[in-house]
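The block underneath contains the structure these notes are about, expressed in structure tokens.
To find a chain, count down the sequence lines: A is the first, B the second, and so on, and within it residues start at 1. Keep in mind it's a predicted model, so treat the numbers as computed, not measured.
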Amino acid sequence: MPELPEVETVVRSLQPIVTGCRIQDFTCLWPRTLDDFSTTDFINHIKAQTIRAIHRRGKYILLDLDSGHILVHLRMTGKLIFSAVLPSQNPHIRAWFTLEGEQYLYFEDTRKFGRITFRSSLGELDSKLGPEPLSDKFTPELLADILAGTSRQIKPLLLDQSVIAGLGNIYCDEVLWHAAINPRAPGAGISVRKVAVLHSAIVTILTEAIEFQGTTIRDFGFQGERTGNYSSRLQVFGRTGQPCPRCNTAIVKLTVAQRGTHICPHCQKM
DNA sequence: AGTTTCACCTACAGGC
DNA sequence: TGCCTGTA
DNA sequence: GTGAAAC
């Protein structure tokens, strides 16, 4: 499940190899991969354009072209991989860009939830997403403001991409454990002290996860066989029944906002 | 506005 | 082994 | 992981 650190890892792995590449063609085997374009319309927008830069906004991969941008969202199982060959034996390849010089940027996606689209400008995307948690704009004061005004539960709030862009299920559980906050706690009720800890947990955990090239539980990978190494640093996610690293109480799994949620019932009391 | 449920798909783990 | 259910 | 539809 690619979240901010995984998407950032993909972007960094592709950055040195795709920038400067010229797009020759695009093939789509699963039409729904293209969000709101027919394959021919999409090709008309991107054809013969050069990829000038690759970056990330929230969980979106953005390929800047001479004119306009390709947006890629990996959702649950998507992978964007650069290769000189198209793995013909792989049944999960949904689409690919043919690049000049017999090279490919292919989109592999087991569950078919991932999406690719095109936008002339990024304004619309930017306005639907909340602040980047690793930008200077994301201050403890901003987080305090976000939480102060709402009775919404903290976990679904942090997962809402229009509130903060980039957190997903894994890192949400991790940061809440670090700040010792119950995932069902209303935003407005959280103490000033815990908000400060939560802010620094968000920044440090996302930063460290990027350094470890993300978390691989099952599906996440990039550039062939490479996988994330942050799995070994997880404190609560996927550790049901194991001792809390802080107090040794057994980690419990519950459901919050329809998502599997891992907490220490002692550290994260309501 | 906020919350809940469901749909979108495939693979795999666990129980029997 | 194989089916069914639940979960990512 | 996300968006639409329904309370």
Side-chain angles (χ1 to χ4, degrees), chain A residues 1-11 28-37 56-62 71-80 87 89-95 107-117 119 124-130 133 145-175 182-189 206 209 214-222 227-228 230-231 234 236-242 251-262:
Chain A
M1 31 165 89
E3 309 177 28
L4 187 154
E6 289 73 33
V7 177
E8 182 66 25
T9 298
V10 172
V11 166
C28 191
L29 303 179
W30 179 254
R32 301 180 68 154
T33 301
L34 282 176
D35 226 352
D36 32 20
F37 287 90
R56 178 191 62 73
R57 174 75 171 97
K59 298 174 193 170
Y60 285 84
I61 299 166
L62 307 173
L71 280 61
V72 180
H73 199 302
L74 305 174
R75 295 282 181 95
M76 295 291 265
T77 55
K79 296 180 183 180
L80 190 62
Q89 79 294 351
N90 186 332
H92 303 309
I93 294 179
R94 309 302 178 197
F107 187 64
E108 177 191 335
D109 186 21
T110 311
R111 292 180 70 181
K112 299 175 171 174
F113 292 164
R115 293 292 181 263
I116 298 174
T117 192
R119 289 290 118 96
E124 161 204 17
L125 176 71
D126 196 54
S127 58
K128 83 168 187 180
L129 294 176
D145 285 348
I146 289 169
L147 300 183
T150 183
S151 59
R152 292 174 69 182
Q153 297 179 333
I154 184 75
K155 171 150 179 174
L157 191 68
L158 293 179
L159 289 176
D160 184 339
Q161 301 299 295
S162 71
V163 174
I164 297 172
L167 286 175
N169 207 35
I170 296 174
Y171 298 107
C172 194
D173 282 5
E174 292 297 306
V175 299
N182 186 285
R184 295 197 232 254
L206 291 178
T215 301
T216 296
I217 301 290
R218 190 151 116 191
D219 296 301
F220 173 65
F222 60 103
T227 54
Y230 194 75
S231 324
L234 296 175
V236 281
F237 191 89
R239 300 178 55 84
T240 311
Q242 295 179 240
I251 302 298
V252 165
K253 185 175 178 185
L254 45 134
T255 299
V256 179
Q258 290 74 239
R259 310 294 305 269
T261 300
H262 309 75

A/Lys155 vs A/Asn182, side chain to side chain donor-acceptor pair (under 3.5 Å): CA-CA, chis, key distance, verdict: CA-CA 8 Å; A/Lys155 171 150 179 174; A/Asn182 186 285; over 6 Å; no
Contact interval (first through last nucleotide) of DNA chain C with protein chain A, 4.0 Å heavy-atom: C/dT7 to C/dA8
Rounded distance (Å) that lies between atom P of B/dC9 and atom CG of A/Asp219: 17 Å
Interatomic distance where CG belongs to A/Leu167 and C1' belongs to D/dT2 [whole Å]: 15 Å
Length of the line joining A/His73:NE2 and B/dC8:P, which is rounded to integer Å: 19 Å
Pairwise P distance, B/dT5 and C/dT7 [rounded to whole Å]: 14 Å
Phosphate OP1/OP2 of B/dC8: any A/Lys112 side-chain N/O under 4.0 Å: no
Side chain to side chain, A/Val10 and A/Val72, heavy atoms closer than 4.5 Å: no
Whether A/His73 and A/Tyr60 hold their rings parallel, tilted or perpendicular, with breakpoints at 30° and 60°: perpendicular
Presence of A/His92 side-chain N/O under 4.0 Å of B/dC9 phosphate oxygens OP1/OP2: no
P spacing across the pair B/dC6 / C/dG6, given as an integer number of angstrom: 13 Å
Under the side chain to side chain contact (heavy atoms under 4.5 Å, CB included) test, residues paired with A/Glu8 that sit two or more places apart: A/Arg12, A/Arg56, A/Ile210
side-chain N/O A/Arg32 vs B/dC9 OP1/OP2, d < 4.0 Å: yes
Donor-acceptor pair (no angle test) under 3.5 Å: A/Arg111 side chain, B/dA11 base: no
Face-to-face contact A/Phe113 to B/dC8 six-ring, under 5.5 Å, under 30°: yes
A/Asp160 bridged to A/Arg152 by N-O distance under 4.0 Å: yes
Atom-pair distance (CD on A/Gln258; C1' on D/dC7), nearest Å: 13 Å
Sugar-phosphate only, base, or nothing, as touched by A/Asp109 at under 4.0 Å among non-hydrogen atoms: nothing
Distance in angstrom units between A/Asp35 CG and B/dC8 C1', rounded: 12 Å
Pairing of A/Arg115 and A/Asp36 as salt bridge, 4.0 angstrom limit: no
Length of the CZ-C1' vector between A/Arg152 and B/dT4, whole Å: 13 Å
Touch class at under 4.0 angstrom, heavy-atom based, for A/Met76 against every strand present: base
Atom-pair distance (OH on A/Tyr60; C1' on D/dT2), nearest Å: 8 Å
Separation of atom NZ in A/Lys128 from atom P in D/dG1, rounded to whole Å: 15 Å
Touch class at under 4.0 angstrom, heavy-atom based, for A/Pro2 against every strand present: sugar-phosphate
Nearest-angstrom distance, P atom, B/dC9 to D/dA5: 16 Å
Close side-chain approach of A/Asp109 and A/Thr33, heavy atoms under 4.5 Å: no
Sequence-distant partners of A/Thr110, side chain to side chain contact (heavy atoms under 4.5 Å, CB included), two or more places apart: A/Thr77, A/His92
Phosphate contact (D/dT2 OP1 or OP2) by A/Gln161 side-chain N/O below 4.0 Å: yes
Side chain of A/Thr150 - closest among B/dC12, B/dT10, B/dG2: B/dG2
